[in-house]
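Worksheet: the structure to be examined is printed underneath.
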Amino acid sequence: RSLDGTALLASGRIEDNILAVLAGLEDSVEGIRSVLRRIAKLSQPLREDALQHLLVTCGIRGLAEVCKKELRTMPITLDLSHDPLFASYIERGRRKGERQGRAEGERKGRQEGVRQVVQLQLEKRFGRLPAPIAKRLAQFSDAEARELALAIIDAKSLKELFGNARQ
């Protein structure tokens, strides 16, 4: 930080420009903007590599949020999935999302299965369900459907189970 980054920022080499962020700059935000403008002019494989290095460098200096904010205003896209440094984090996040999605799907599937079984029990016992009752049943929570499944055993009519929902 005690080094003057002005010379590094003025260099024609992108590596030097990125290092300028580590050195002392009078205006870090303007320095990051300058480096981002130069990165935007690079070809795709070099651009992505330089962006990743800049993000890491900014993170070291506590300027990651500044860099992200500036990056949002620039027409640059960044795919970190191929970078060994970030790929493990991205993969971990992907697996977590898949687990959460699978758990949610299983939960909804069980809930729908319980409702279908209850509907089959009701139809077997009382015949075709009136539309208002079928609609109401479709909105039951898992707990409500399970409770209804038990109540069907002793019920003598749909009215007993659902009140006046039949009308």
Side-chain angles (χ1 to χ4, degrees), residues 1-120 129 131-149:
R1 293 181 185 186
S2 60
L3 295 173
D4 181 11
T6 309
L8 290 168
L9 198 56
S11 169
R13 294 173 36 100
I14 195 66
E15 298 88 351
D16 293 344
N17 302 155
I18 294 168
L19 283 175
V21 175
L22 279 178
L25 289 174
E26 193 172 308
D27 184 352
S28 296
V29 175
E30 187 51 45
I32 291 170
R33 280 186 194 136
S34 175
V35 175
L36 283 170
R37 280 193 293 271
R38 291 183 184 143
I39 289 174
K41 295 176 185 175
L42 296 173
S43 63
Q44 179 50 18
L46 296 174
R47 181 182 323 131
E48 217 166 276
D49 190 47
L51 274 172
Q52 291 170 16
H53 284 92
L54 179 63
L55 282 171
V56 170
T57 303
C58 286
I60 292 169
R61 289 280 275 128
L63 298 168
E65 289 306 312
V66 172
C67 186
K68 288 178 191 175
K69 180 182 175 191
E70 294 302 320
L71 190 54
R72 278 187 225 117
T73 65
M74 305 278 295
I76 301 174
T77 57
L78 178 61
D79 179 9
L80 299 175
S81 64
H82 305 295
D83 185 271
L85 179 64
F86 296 105
S88 64
Y89 295 110
I90 292 169
E91 180 61 21
R92 209 174 318 151
R94 184 189 61 76
R95 282 192 303 245
K96 181 180 178 185
E98 284 177 355
R99 280 193 307 273
Q100 289 173 339
R102 194 175 304 114
E104 176 68 12
E106 288 171 0
R107 185 189 66 74
K108 285 184 177 183
R110 278 191 303 273
Q111 189 175 15
E112 182 58 31
V114 169
R115 280 196 298 258
Q116 287 177 359
V117 168
V118 169
Q119 183 170 346
L120 287 172
L129 298 180
I133 289 178
K135 184 177 179 182
R136 187 167 163 198
L137 179 61
Q139 296 171 346
F140 272 27
S141 70
D142 195 32
E144 291 170 321
R146 289 174 188 273
E147 189 177 311
L148 181 60

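Start at 1 with the first residue, then count along the sequence.
L8 contributes atom CG, which lies 11.5 Å from atom CD of E15 (distance to the nearest 0.5 angstrom). A distance of 11.5 Å separates OG of S141 from CD of Q139, quoted to the nearest 0.5 Å. To the nearest 0.5 Å, atoms CZ (R38) and CG (D16) are separated by 10.0 Å. A distance of 9.5 Å separates CD1 in I18 from CG in L36, rounded to the nearest 0.5 Å. Taken to the nearest 0.5 Å, the CG atom of L129 stands 15.0 Å off from the NZ atom of K135.
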Taking it one step at a time, do C58 and I32 satisfy side-chain contact (heavy atoms from CB on, under 4.5 Å)?
CA-CA 9 Å; C58 286; I32 291 170; 3.8 Å; yes
What's the verdict on salt bridge (Lys or Arg N to Asp or Glu O under 4.0 Å) for E104 and K108, showing C-alpha distance, side-chain angles and the deciding distance?
CA-CA 6 Å; E104 176 68 12; K108 285 184 177 183; 3.7 Å; yes
Salt bridge (Lys or Arg N to Asp or Glu O under 4.0 Å) evaluation trace for R95 with E98
CA-CA 5 Å; R95 282 192 303 245; E98 284 177 355; over 6 Å; no
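Closest approach of R47 to I39, counting heavy atoms only: CG-O, 3.5 Å. Residues L25 and T6 come closest through the heavy atom pair CD2-N, 4.1 Å. Closest of all the heavy-atom pairs between R61 and L22 is NE-O, 3.4 Å. Smallest separation of non-hydrogen atoms from A64 and G59: CB-CA, 4.0 Å.
A donor-acceptor pair is defined here as one N or O able to donate and one able to accept, closer than 3.5 Å; no such pair exists between the side chain of R115 and the backbone of A145.
Looking at heavy atoms from C-beta onward, D142 lies out of side-chain contact with R110 at the 4.5 angstrom threshold. Residues L46 and I14 fail the side-chain proximity criterion, which asks for heavy atoms closer than 4.5 Å. By the 4.5 Å heavy-atom criterion applied to side chains, K96 and R92 are not counted as neighbours. Counting only heavy atoms from C-beta outward, the side chains of L54 and C67 approach each other to under 4.5 Å. At a threshold of 4.5 Å between non-hydrogen side-chain atoms, the residues H53 and V21 do not count as touching.
Exactly one residue among R37, E65, R33 makes a side chain to side chain contact (heavy atoms under 4.5 Å, CB included) with E70. That residue is R33.
Taking a 6.0 Å sphere around CD of E147, one finds it holds 12 or fewer heavy atoms contributed by other residues, nucleotides or ligands.
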